[in-house]
Amino acid sequence: MDFVEIEKKWNKKWEEDNLYRFDDKNLKDKFYLLEMFSYPSGANLHLGHWWNFGLSDSFGRFKRLQGFNVFQPMGFDAFGLPAENYALKTGIHPEDSTKHNIAVMEKQLRELGATFNWENELVTCESEYYKWTQWLFVQLYKHGLVYQKEAPVNFCPHCNTIIANEQVVNGHCERCESEVLHKNMKQWFFKITDYAERLLEGLDNIDWPEKTKSLQRNWIGKSVGAEVDFYTEDGTKLTVFTSRADTLFGVTFLVIAPENPLTEKLVKEEFKKAVDEYVLQATKKDEIERTSTTTPKTGVFTGTYVINPITGEKVPVFVADYVIATYATGVVMGVGAHDARDFDFAKKYGLEIKRVICDKNGKEQELPYTEYGKLVNSEEFDGLSSEEAKVKIVEKLEKIGKGRYKTNYRLRDWSVARQRYWGCPIPIVYCPHCGIVPVPEKHLPVVLPHVTDYKPEGEGPLGKCEEFINTTCPVCGAKARREADTMDTFVDSSYYMLRYPQSHYCDDEIFSKDYVNQICPVDCYVGGIEHATGHLLYSRFITKFLKDIGKLDFEEPFKRLVHQGMILGSDGKKMSKRNSSKTADDYVYTFGSDALRLHMMFSLKYLDGGIWADDGIKHMKAFMERIERICVKWAKLEGDCDVYGDSEKALEFALNRTIKDYAENFETFSFNVAVARLMELVNAMYKYDAEEKKNVALCKKVMKDLIVLLAPPAPHFAEELWEEIGEKYSVHNQKYPQFDASKVMLDTVEIAVQVNSKIVARIEVGADDSNDQVLQTVKSDEKVSELLNGKTIVKEIVVPKRLVNLIVK
RNA sequence: GCCGAUGUGGCGGAAUGGCAGACGCACGGGACUUAAAAUCCCGAGGAUGAAAGUCCGUGUGGGUUCGACUCCCACCAUCGGCACCA
């Protein structure tokens, strides 16, 4: 069989026949399978693409065999820095290069022979799509979830733009690895923090990898505690947040962040110079230096004292850069005895360290002691446990109006403006009379103009485009200017899964509620774990928002999430041209795409990934030829020989075990085991083939079931073989073979009766057909007592029959 | 420091608490062949033994159990994430 040829042939035919059309009238059995869409980077499809798209396509084909009406759309995340940087490098306009790249990638994706629903293709840089990105912005704005604020932002000097927290990796830009600067700039934010609690709670009800859930929990960073108000002598209030209200009696100083606006107010005249100098220095320090836990703590005294609301004690206030201005109140109470950082700080500046917690047994432990324990030196709270004291102390603070329960989240609001050209324009107009005005829905989209000067220079390049920037106020009609920034591409991708079902079939709204509620949420989402705290969090936020404004009935966009592992080059690093000597095409043109898929499935665990090794791919081709040989041979068998003995039982066992395990392993993306079962079945067929007399009907059945099972991992091969054995087109319309449990119940079960740790009897019990696991009922009670012969049963243990002999002997 | 994952032959990797190493690669042997390739069949964790067999084996040490790769506790190693978040 010429695999390369047949692949061309069938790809063409399937496309002509539109074999995988999604039936939008039959939504009862719909299955929405989605792979994270990609950037049209212009590179050729590489092995990583095959790994991602090819294998999850096989999963989709498997669901089809099971009778699901699979919706598997494909599109492109076409805005954004990669596309733009590529354009800057080549001198070709982003729009042109993007369009070209999409055409190239689309062609290759089609060659992959995947069952994508191309009629729903979606491209985020087309106005047909980004109209709704802007609509979304306006809705968020109208619901008070968008605001503009002068804020310290992450600024990448190389990309010349602000980037989100999620895009900063160890203080460096995730794209170009330049060191990120901190600037104060006017910024647009989405108030994702309003959804922090719901984003946390929602994790409990979705089928996602625990790892990813914990990454998100970590990122959201819920911290339950209390706020406590400290007042200066002249009545300025300093509120601290603490999760350890039980240590309030141990406070010996307060620390305020250098950037906290209150800092300036607090400083006493004679300390001003020192403090100003310190603040200046602190803001100059780079992120790494400042947030490193190993950097020694520094700080200066402000000259101000505050009163501890519960003890009445006077404690000094320091400025120190180990306190973060943007978290909670930006002020921290210093408890040297029970916090490692405060301990270091107190030691360094000779501040008092006051023990207020002993261990659970009341023993004094070495300081700093940061565990929970029992209170001491805390007046009426002495003897309480930390847990009890946290409640009692806050209750008392509430009574005197100087404290309250408070929950904080580490999650920050989402910074969404980018000072770049190649993105979705922010639909905002600045009017001299009306101020900030969102563009009315009926005026959308605000079309991104085709400009030639799109070099990023720290401000939105659109500001230089007069035709774009000058407009009139939608409210009063006065001359006004448009916002020059564009949106973060994560906004584009935060709702695309909801737009896919109607990407071209719904012009007057983002989607029609009734229809999308039937198709969404996504039943299975496949993509890399690197988006755990970015795209996957944003999408959840936006979906919750759309539910809140009545557009959806559900609030989690992805029911099930699966992360493929990464496929690595021989050096153990991420695949690149340098470490992979061969491209996907090399394999496709030598062995065929089916052999490539099968090999990828079999040779590594899909969820773990690993180092790509191509030895073995030629054997995969040989394996396919081995299948072809026996199928061609068995297809020619004639007559009605119906022998039925142990050999036939063994073959039936192999078939049914494969049918069962294959499905189970496909379901969990354990493709390596699924393919192994196919190999076992083929081995069993060869073994049976050695029989003089063969049960012809059984042979034909096994052969046909095998070919059907081959359809997901080797679609072209299975189709060709199906035709070769004289079956009707198409194998892809077949049903998943029926599993017959009775054929694999070779093990009956015995109960071994144990007396004084010796097994004295074993009783055979009947197999229960309705349950293919093992526990059954005892057939005869008399038999038990007979065997026991008056002894007392200490214990009965259920073991598979094949093991009883081993235990007894 | 905190959180999470992983640890099984030369390699990729299997095992609802029940014969550890399925399936495959690499390896060895046989059949076919003048020969090679291809194909088909067989072998293979380690130690010991002529062999049947016996002993040891799933990172380490304990525990639960008739029985542990699997469950529990402690530890070691590797990888990933977060990290002065009060």
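Letters go in sequence order (proteins before strands), and every chain restarts at 1. Just the heavy atoms: all of them, side chains too, but no hydrogens, waters or symmetry mates, feed the values below.
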Next item on the list: Measure from CG on A:Leu215 to C1' on B:rC3 and round the result to the nearest Å.
Entry: 9 Å
Note to self: Going by side-chain contact (heavy atoms from CB on, under 4.5 Å), name the residues that satisfy it together with A:Asn672, two or more places apart in sequence or in a different chain.
What the structure shows: A:Lys605, A:Ser670
Check: For the side chain of A:Glu680, counting heavy atoms from C-beta on, which of B:rA22, B:rA86, B:rG4 is nearest?
Finding: B:rA22
Check: Which value, in whole Å, describes the distance between the P atoms of nucleotides B:rC27 and B:rU34?
Finding: 26 Å
Tabulated below should be each protein N or O lying under 3.5 Å from an N or O of nucleotides 27-29 of chain B; please produce it.
none

Next item on the list: Among residues two or more places apart or on two chains, list those pairs meeting salt bridge (charged side-chain N to carboxylate O under 4.0 Å, His left out) that have a residue in residues 613-632 of chain A.
Entry: A:Lys582-A:Asp614
Notebook entry, point to check: Which whole number of Å gives the distance between the C1' atom of B:rG45 and that of B:rC41?
Noted result: 23 Å
Checklist line | Taking every non-hydrogen atom, the tightest pair across A:Leu536 and A:Arg540 | finding: O-CG, 3.0 Å
Notebook entry, point to check: Within less than 4.0 Å of OP1 or OP2 of B:rA86, is there a side-chain N or O belonging to A:Tyr327?
Noted result: yes
Next item on the list: For A:Gly565, report the nucleic acid contact type (base, sugar-phosphate, nothing); a contact means any heavy atom under 4.0 Å.
Entry: nothing
Item checked: Separation of B:rC25 P from A:Ile611 CD1 (nearest whole Å) -> 20 Å
Next item on the list: Please determine if A:Asp689 and A:Lys694 form a salt bridge, counting it only when a charged side-chain N lies under 4.0 Å from a carboxylate O.
Entry: yes
Distances under 3.5 Å between nitrogen or oxygen atoms of protein and nucleotides 36-39 of chain B:
residue : atom : partner  : partner atom : Å
B:rU39  : O3'  : A:Arg629 : NH2          : 3.0

Check: Does A:Asn672 have a side-chain nitrogen or oxygen under 4.0 Å from the phosphate oxygens OP1 or OP2 of B:rA14?
Finding: yes
Checklist line | Rounded interatomic separation in angstrom, taking NE2 from A:His563 and C1' from B:rU6 | finding: 16 Å
Note to self: Closest approach to the side chain of A:Tyr322, judged atom by atom: which nucleotide of B:rG4, B:rG81, B:rC84 is it?
What the structure shows: B:rC84
Checklist line | Nearest-neighbour nucleotide for the A:His619 side chain, B:rG13, B:rG81, B:rC25 considered | finding: B:rC25
Check: Mapping A:Val673 and A:Lys687 onto RNA chain B by nearest heavy atom, which one lands closer to the 5' end?
Finding: A:Val673
Notebook entry, point to check: How are the rings of A:Phe345 and A:Phe253 set to each other: parallel, tilted or perpendicular (split at 30° and 60°)?
Noted result: tilted
Margin query: Give me the atom names and distance for the closest heavy-atom approach of A:Val319 to A:Val279.
Written below: CG1-CG2, 4.5 Å
Checklist line | RNA chain B contacts among residues 221-229 of chain A, heavy-atom distance under 4.0 Å | finding: A:Ser223
Next item on the list: Taking atom P in both B:rA37 and B:rC32, compute the distance separating them and give it to the nearest angstrom.
Entry: 15 Å
Checklist line | Between CE on residue A:Met624 and CZ on residue A:Phe591, distance to nearest 0.5 Å | finding: 11.5 Å
Please list each protein N or O that sits under 3.5 Å from an N or O in nucleotides 30-33 of chain B, with the distance.
none

Margin query: Quick check on RNA chain B: between A:Gly616 and A:Asn665, whose nearest nucleotide comes earlier from the 5' end?
Written below: A:Asn665
Check: Closest heavy-atom contact between A:Ala282 and A:Asp321?
Finding: CB-CB, 4.0 Å
Item checked: Results of side-chain contact (heavy atoms from CB on, under 4.5 Å) for A:Ser223 - residues two or more places apart only -> A:Phe241, A:Ser243, A:Tyr327
Margin query: Expressed as a whole number of angstroms, how long is the span from A:Asp608:CG to B:rG13:P?
Written below: 7 Å
Checklist line | Side-chain N,O (A:Lys605) to OP1/OP2 (B:rA14) below 4.0 Å | finding: yes
Check: Between A:Asp229 and A:Arg404, is there a salt bridge with N-O shorter than 4.0 Å?
Finding: yes
Note to self: Over all strands shown, is A:Asn683 touching base, sugar-phosphate only, or nothing at heavy-atom distances under 4.0 angstrom?
What the structure shows: sugar-phosphate
Next item on the list: Using the P atom on both, measure B:rC79 against B:rA31 and round to a whole Å.
Entry: 50 Å
Note to self: Show the nearest heavy-atom pair for residues A:Leu47 and A:Met600, with the distance to one decimal.
What the structure shows: O-CE, 3.3 Å
Checklist line | Length of the line joining A:Phe253:CZ and B:rA86:C1', which is rounded to integer Å | finding: 11 Å
Notebook entry, point to check: How many angstroms lie between atom OH of A:Tyr369 and atom OG1 of A:Thr247, to the nearest 0.5 angstrom?
Noted result: 13.5 Å
Notebook entry, point to check: Got a sec, which residues hit ring pair (Phe, Tyr, Trp, His ring centres under 6.0 Å) with A:Phe230, two or more places apart in sequence or on another chain?
Noted result: none
Next item on the list: In whole angstrom, give me the gap between the P atoms of B:rA22 and B:rA36.
Entry: 30 Å
Next item on the list: Could you note down all residue pairs passing salt bridge (charged side-chain N to carboxylate O under 4.0 Å, His left out) where residues 247-256 of chain A supplies at least one of them, sequence neighbours left out?
Entry: none
Notebook entry, point to check: How far does the P atom of B:rU16 sit from the matching atom of B:rU70, given to the nearest Å?
Noted result: 13 Å
Check: How does RNA chain B look in dot-bracket form if you count Watson-Crick and G-U pairs under 3.5 Å, write [ ] for pairs that cross, and put | where a base pairs with another strand?
Finding: (((((((..(((.....[....))).(((((.......))))).((((....))))..(((((..]....))))))))))))....
Checklist line | Protein-nucleotide distance (A:Leu604, atom CG; B:rG24, atom C1'), rounded to Å | finding: 12 Å
Margin query: In this structure, how many angstroms lie between the C1' atom of B:rC25 and the CH2 atom of A:Trp612, rounded?
Written below: 13 Å
Margin query: With rounding to the closest Å, how many angstrom separate the P atoms on B:rG59 and B:rU48?
Written below: 24 Å
Margin query: The criterion is ring pair (Phe, Tyr, Trp, His ring centres under 6.0 Å); which residues satisfy it with A:Phe671, sequence neighbours excluded?
Written below: A:Tyr606, A:Phe666, A:Phe669
Item checked: Over all atoms of both residues, closest heavy-atom pair of A:Cys699 and A:Tyr688 -> SG-CE2, 3.6 Å
Note to self: Taking the C1' atom in each of B:rA68 and B:rG17, what is the distance between them to the nearest angstrom?
What the structure shows: 7 Å
Item checked: Integer-rounded Å distance: B:rC82 P and A:Ile324 CD1 -> 15 Å
Note to self: Nearest to the side chain of A:Phe602, heavy atoms from C-beta on, is which of B:rC82, B:rA22, B:rG24?
What the structure shows: B:rG24
Next item on the list: Using a 90° cut-off around 0 for syn, call B:rG46 syn or anti.
Entry: anti
Next item on the list: Decide, yes or no, whether a salt bridge links A:Lys390 with A:Asp246 under the criterion of side-chain N to carboxylate O below 4.0 Å.
Entry: no
Note to self: Suppose we screen for side-chain contact (heavy atoms from CB on, under 4.5 Å). Which residues come up paired with A:Thr252, at least two apart in sequence or across chains?
What the structure shows: A:Glu352, A:Lys354
Item checked: Axial cation check for A:Tyr409 ring with A:Lys222, 6.0 Å and 45° limits -> no
